[in-house]
Amino acid sequence: MSENNPESDPYAYMAGLQDGLTEAEKAEFEQQLREKQLQLERCSGADTLEHARLQLDIAELLVLLERKEEAWNLARSAFDTALKNESWQDAVEACNVLYQTEQTASIPALGMGVWLAVTFPVTPELTYAMLDHVVTETPSHSDGAALAAVTTRYVIDLRANDEEHGDWSLLANNLIARVAARHSNVQDQQALNAWMDKLGLRDPQVFLPRLSQVVNAIVGDAWWFDRNELRDKLPD
């Protein structure tokens with residue numbers, strides 16, 4: 001993702017492509033797929049991050065080509081490798097692809113990706129993308145979307161560098177406003193302030209535990225890892 005231009009978001013680009021590929025686009029992606037598959041065949045060490053990242057590249061192309069079950073299998077393997085290597089960014093990238101494959105366990109994969117993205121120092125861009133998926137999946141009048149939206153702003157404030165902070169905080173603020181409008185028909189700043197106060201969206205000690213409850217509801221009993229064990233790996 002371009003660090004300086006959030007509007008060039010590749011997730012949005014991919015979503016647009018999925019509405020229908022031209023024959024030229026399909027041929028281009030199939031050529032890229034063949035090249036990546038050859039690289040994967042030549043890559044030594046199935047448990048390496050290089051191998052996992054090639055799997056994710058291939059899985060993303062397979063999603064675009066509507067070969068989503070194949071994409072799931074590769075991204076799921078990449079997730080396991082990333083987790084084993086404590087590469088949280090790659091693990092969340094894998095969850096992002098798993099969500100896009102639209103398989104039975106794609107929603108739990110989204111929840112796990114959100115947990116990892118908020119818990120570990122994953123890039124604000126990817127964290128934003130995962131939380132935006134939660135907004136998409138959450139009913140309009142549910143508080144879950146509000147919790148996800150305000151967490152995007154919290155993460156951006158914590159992790160974005162000075163150069164990218166302005167653009168990304170604007171996107172986060174727009175997301176909060178959009179969620180507020182659909183949740184409670186909020187139309188102006190005064191109403192937005194009252195809405196945030198009412199839902200407790202100003203204090204991370206309030207909204208983060210509530211987001212955790214939302215994530216628990218999304219994942220259910222389908223966790224692929226022990227959260228307490230991973231928390232012990234948090235950087236000081």
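Atom set for the values below is all heavy atoms of this structure, side chains included, hydrogens, waters and symmetry mates excluded.
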How long is the span from the [atom1] atom in [X] to the [atom2] atom in [Y], to the nearest 0.5 Å?
X	Y	atom1	atom2	answer
Arg34	Ile58	CZ	CD1	13.0 Å
Leu110	Ser106	CG	OG	9.0 Å
Lys233	Thr119	NZ	OG1	14.0 Å
Leu126	Trp88	CG	CH2	14.5 Å
Cys95	Leu83	SG	CG	8.5 Å
Arg153	Leu201	CZ	CG	13.5 Å

Does the side chain of [X] reach to within under 4.5 Å of the side chain of [Y], using non-hydrogen atoms?
X	Y	answer
His51	Thr81	no
Val114	Ile218	no
Gln213	Leu147	no
Arg182	Thr138	yes
Tyr128	Leu175	yes
Val179	Val135	yes
Trp168	Leu171	yes
Leu61	Lys36	yes

(request) Please test Tyr99 against Trp72 for ring pair (Phe, Tyr, Trp, His ring centres under 6.0 Å), starting from the C-alpha separation and ending with a verdict. (result) CA-CA 9 Å; Tyr99 167 71; Trp72 169 274; over 10 Å; no
Taking all non-hydrogen atoms of both residues, which atom of [X] and which atom of [Y] are closest, and how far apart?
X	Y	answer
Ala78	Ala94	C-CB, 4.5 Å
Gly200	Phe207	O-CB, 3.8 Å
Val214	Gly144	CG2-CA, 4.0 Å
Arg210	Leu199	NH1-O, 2.8 Å
Asn185	Gln187	OD1-NE2, 2.8 Å
Ser87	Leu49	CB-CD2, 3.7 Å

Should [X] and [Y] count as an ion pair when the cut-off is N to O under 4.0 Å?
X	Y	answer
Arg231	Asp226	no
Lys84	Asp80	no
Asp57	Arg53	no
Glu23	Lys26	no

Indicate if [X] and [Y] have the same hydrophobic cluster label, given that clusters are the connected sets of ILVMFWY residues with side-chain heavy-atom separations under 4.5 angstrom.
X	Y	answer
Trp223	Leu116	yes
Tyr154	Val206	no
Leu158	Val122	yes

(request) State, without any angle test, whether Thr127 and Arg159 hold a side-chain donor-acceptor pair at a distance under 3.5 Å. (result)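 Per modelled atom types, Thr127 and Arg159 side chains form a pair under 3.5 Å.
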(message) Can you see whether Trp224 has Arg76 sitting over its ring - NZ or CZ less than 6.0 Å from the centre and within 45° of the normal?
(response) yes
Under 3.5 Å: donor-acceptor pair, side chain of [X], backbone of [Y]:
X	Y	value
Gln103	Thr101	yes
Ser169	Gly166	yes
His183	Ser140	no
Asn85	Asp47	yes
Ser184	Val186	no

(message) The test is side-chain contact (heavy atoms from CB on, under 4.5 Å); show your working for Glu125 and Glu164 and say whether it passes.
(response) CA-CA 10 Å; Glu125 297 94 327; Glu164 65 186 1; 3.1 Å; yes
(request) Please determine which of Thr152, Leu208, Val92 meets the side-chain contact (heavy atoms from CB on, under 4.5 Å) test together with Val118. (result) Leu208
(request) Would you please classify the geometry between the Trp115 ring and the Phe225 ring as parallel, tilted or perpendicular, with 30° and 60° separating the classes? (result) tilted
(request) Any chance you could lay out the side-chain contact (heavy atoms from CB on, under 4.5 Å) test for Met112 and Leu98, step after step, and finish with the verdict? (result) CA-CA 11 Å; Met112 285 179 268; Leu98 290 165; over 6 Å; no
(request) Apply the side-chain hydrogen bond (donor to acceptor under 3.5 Å, both in side chains) test between Glu35 and each candidate in Gln31, Gln32, Gln37; give the one that qualifies. (result)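 Exactly one candidate clears the test, Gln31.
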(request) Take Glu69 and Asn73, measure what side-chain hydrogen bond (donor to acceptor under 3.5 Å, both in side chains) needs, and give me the verdict at the end. (result) CA-CA 6 Å; Glu69 186 174 351; Asn73 292 332; 5.0 Å; no
(message) If you apply the rule side-chain contact (heavy atoms from CB on, under 4.5 Å), what do you find for Leu62 with Leu74, and how did you get there?
(response) CA-CA 10 Å; Leu62 289 170; Leu74 281 171; 3.7 Å; yes
(request) Show your working on salt bridge (charged side-chain N to carboxylate O under 4.0 Å, His left out) between Asp132 and Arg178 and close with a plain yes or no. (result) CA-CA 11 Å; Asp132 191 37; Arg178 177 158 50 91; 3.7 Å; yes
(request) Take Arg67 and Leu33, measure what side-chain contact (heavy atoms from CB on, under 4.5 Å) needs, and give me the verdict at the end. (result) CA-CA 12 Å; Arg67 293 163 59 179; Leu33 177 62; 3.4 Å; yes
